[in-house]
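This one's a predicted model, so the numbers in the text were calculated from it and none came from an experiment.
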Amino acid sequence: MIGGLFSFSSAVSADTGLNNKYLDEIVELQPGTTKKEILLSVESYAEENNLEVSDVLATIHQEIIKDKKDGDRVAKENGNEVKDGYSIYGGSSGTYKLPLSTKGNIYYTDSYTAFYNHGHVGMYSSSDKIVEAVPGDGTRQIKYNARNVEQNSIIQKINVTTNQKNNAADWAVSQVGSSYSFNFATNRSTGHNGDKNCSKLLWSAFTLKANIDIDGNGGLGVYPRDITSSSYTTTVATIK
């Protein structure tokens, strides 16, 4: 079993055609990944945990399809139209600016690729700087007001000690320069160092430096909205 919401089903067929269908849809929703990349990570995870590849693929497919549905709902609630190319993988195409905030706080903004609002998260590395992982730059640190976000983006605090938040932020800054990974589907099972995406950066930081799991559903992939729905996060501001 993976976390609380997603579990493996022994009834899933190992049919190659079904596996290919899952792979096609997973990759379609994660431009930048390949079927080979996803399959290799799935095979590795399945072998390490004595599971069937088809069961792992079915679980990943279930999680990403649910996340897309949640993204459609959130975008509608936030008044952000879902359209192709609106904001690619955390790109700063919104019309709102981040405010100053507290070191260790995080932010979430809607962000779209191929009609999928996958969202984007980053962390305040100080009151006036943020650290985030984006394509092209990888993990970077920029001024808070250099980041554009969509309407109704949120600032959240993580419910741990100030020292733990500071340590998590400092660790994230130590990762500046690492390359970007487009693979959200199995990012919980990859190492904390090296390539990472926006939600993996934050998840690793608080896993290592606060000994907590900020992935709200405990699935095989940690997605941006999994962090915003975590029991450890509390919204402190909405950007309008």
Side-chain angles (χ1 to χ4, degrees), residues 74 78 80 87-111 117-181 184 187-188 192-216 222-240:
V74 168
N78 286 343
N80 297 325
S87 181
I88 301 298
Y89 277 113
S92 300
S93 69
T95 57
Y96 295 78
K97 295 287 186 182
L98 283 177
L100 294 166
S101 193
T102 303
K103 182 177 180 178
N105 281 359
I106 68 172
Y107 77 87
Y108 166 88
T109 178
D110 287 338
S111 183
N117 175 29
H118 43 71
H120 174 75
V121 287
M123 185 192 305
Y124 283 84
S125 52
S126 66
S127 63
D128 63 349
K129 291 181 181 178
I130 61 167
V131 58
E132 60 182 359
V134 294
D137 291 340
T139 301
R140 66 181 185 179
Q141 183 176 221
I142 60 174
K143 294 287 287 184
Y144 77 104
N145 54 6
R147 157 51 74 175
N148 287 9
V149 294
E150 310 297 343
Q151 64 179 338
N152 291 312
S153 295
I154 57 175
I155 308 297
Q156 294 187 310
K157 67 177 181 179
I158 308 297
N159 299 313
V160 293
T161 68
T162 298
N163 189 53
Q164 287 173 318
K165 286 188 286 187
N166 288 342
N167 289 341
D170 290 342
W171 182 87
V173 171
S174 78
Q175 300 299 298
V176 168
S178 60
S179 300
Y180 188 83
S181 170
F184 287 79
N187 61 2
R188 279 182 63 110
H192 293 297
N193 297 302
D195 297 355
K196 54 182 64 66
N197 41 51
C198 65
S199 47
K200 174 62 178 285
L201 176 66
L202 272 58
W203 178 78
S204 288
F206 284 98
T207 297
L208 293 173
K209 298 303 178 179
N211 196 31
I212 61 171
D213 186 348
I214 59 172
D215 180 359
V222 53
Y223 295 83
R225 276 182 301 276
D226 292 341
I227 292 175
T228 65
S229 65
S230 168
S231 61
Y232 288 103
T233 57
T234 300
T235 299
V236 296
T238 301
I239 302 169
K240 297 184 179 181

Q: Of Glu132, Gln141, Lys103, which meets side chain to side chain donor-acceptor pair (under 3.5 Å) against Ser125?
A: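 With Ser125 as partner, side chain to side chain donor-acceptor pair (under 3.5 Å) holds for just one option, Gln141.
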
Q: Within this structure, what is the CG-CG distance for the pair Asn145 and Asp128, rounded to the nearest 0.5 Å?
A: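 One finds 8.5 Å between CG of Asn145 and CG of Asp128.
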
Q: Could you state the interatomic distance from OH (Tyr223) to CG (Asp215), rounded to the nearest 0.5 Å?
A: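 Between Tyr223 OH and Asp215 CG, I get 10.0 Å after rounding to 0.5 Å.
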
Q: Would you find a donor on one side and an acceptor on the other, under 3.5 Å apart, between the side chain of Asp195 and the backbone of Ser181?
A: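 Side chain of Asp195 to backbone of Ser181: no pair is present.
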
Q: Any chance you could measure Cys198, atom SG, to Tyr107, atom OH, to the nearest 0.5 Å?
A: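 Result: 8.0 Å between the selected atoms.
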
Q: Check step by step if side-chain contact (heavy atoms from CB on, under 4.5 Å) holds for Thr109 and Asn148.
A: CA-CA 9 Å; Thr109 178; Asn148 287 9; over 6 Å; no

Q: If you round to the nearest 0.5 Å, how far is OH of Tyr96 from NZ of Lys240?
A: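 So the gap between those two atoms works out to 9.5 Å.
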
Q: Mind listing the closest non-hydrogen atom pair of Lys209 and Trp171 along with its distance?
A: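 Between these two residues, the closest heavy atoms are CE-CD1, 3.7 Å.
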
Q: Supply the atom-to-atom distance Met123 CE to Lys165 NZ, rounded to the nearest 0.5 angstrom.
A: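 Result: 11.0 Å between the selected atoms.
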
Q: Provide the closest heavy-atom pair for Gly104 versus Phe206 in the form atom of the first, atom of the second, distance.
A: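 It is O-CZ, 3.7 Å.
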
Q: Do side-chain atoms of Lys196 reach the backbone of Leu201 as a donor and acceptor pair under 3.5 angstrom?
A: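 Not a single qualifying donor-acceptor pair exists.
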
Q: I need the full list of ring pair (Phe, Tyr, Trp, His ring centres under 6.0 Å) pairs touching residues 122-148, with sequence neighbours left out, sorted by first then second residue.
A: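 For residues 122-148: none.
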
Q: Is the shortest side-chain heavy-atom distance between Lys200 and Gln175 below 4.5 Å?
A: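 A side-chain contact under 4.5 Å is absent here.
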
Q: For the NE2 atom of His192 and the CG atom of Leu208, what is their distance to the nearest 0.5 Å?
A: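 Atom-to-atom, His192:NE2 and Leu208:CG are 4.0 Å apart.
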
Q: For a quick test of reading the model, state the closest non-hydrogen atom pair linking Thr139 to Ala172 and the distance between them.
A: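 Closest pair (atom of Thr139, atom of Ala172, distance): CG2-O, 4.0 Å.
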
Q: So do Asp226 and Ser199 actually touch side chain to side chain, heavy atoms under 4.5 Å?
A: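 SC-SC contact between Ser199 and Asp226 ruled out.
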
Q: Determine the sole option in Ile214, Thr233, Val121 for which the side-chain contact (heavy atoms from CB on, under 4.5 Å) test with Gln156 is passed.
A: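 The residue from Ile214, Thr233, Val121 that satisfies side-chain contact (heavy atoms from CB on, under 4.5 Å) with Gln156 turns out to be Thr233.
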
Q: For the pair His118 and Phe184, name the ring-plane relationship: parallel under 30°, tilted 30 to 60°, perpendicular over 60°.
A: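 Rings of His118 and Phe184: parallel, under 30°.
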
Q: Do you know the tightest heavy-atom contact between Ile158 and Ile106?
A: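 It is CD1-CD1, 4.0 Å.
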
Q: Given side-chain contact (heavy atoms from CB on, under 4.5 Å), test Ile142 with Lys129 step by step and report yes or no.
A: CA-CA 6 Å; Ile142 60 174; Lys129 291 181 181 178; over 6 Å; no

Q: Please tell me if the side chains of Asn80 and Gln151 come closer than 4.5 Å, counting only heavy atoms from C-beta onward.
A: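 They are in side-chain contact.
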
Q: Do side-chain atoms of Asn159 reach the backbone of Tyr232 as a donor and acceptor pair under 3.5 angstrom?
A: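 Such a contact is found between Asn159 side chain and Tyr232 backbone.
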
Q: Judged by atom type as modelled, is there a donor-acceptor pair below 3.5 Å linking the side chain of Asn187 to the main-chain atoms of Val222?
A: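 Yes; judged by distance alone, with no hydrogens or angles, the pair exists.
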
Q: Which atoms form the tightest heavy-atom contact between Asp110 and Glu150, and what is the distance?
A: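 So the two residues come closest at O-CG, 3.2 Å.
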
Q: Identify, with sequence neighbours excluded, every residue that meets salt bridge (Lys or Arg N to Asp or Glu O under 4.0 Å) alongside Asp213.
A: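 Asp213 satisfies salt bridge (Lys or Arg N to Asp or Glu O under 4.0 Å) with Arg188 once adjacent residues are dropped.
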
Q: What pair of heavy atoms forms the shortest contact from Ile130 to Arg147, and how long is it?
A: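 Result for this residue pair: CD1-CB, 3.7 Å.
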
Q: Is the backbone N or O of Ile239 less than 3.5 Å from a side-chain atom of Ser153, with the two atoms forming a donor-acceptor pair by type?
A: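 No, because the side chain of Ser153 does not come within donor-acceptor range (under 3.5 Å) of the backbone of Ile239.
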
Q: Does the Thr102 side chain pair with the main chain of Asn105, one donor and one acceptor, at a distance under 3.5 Å?
A: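 No, Thr102 side chain to Asn105 backbone: no donor-acceptor pair under 3.5 Å.
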
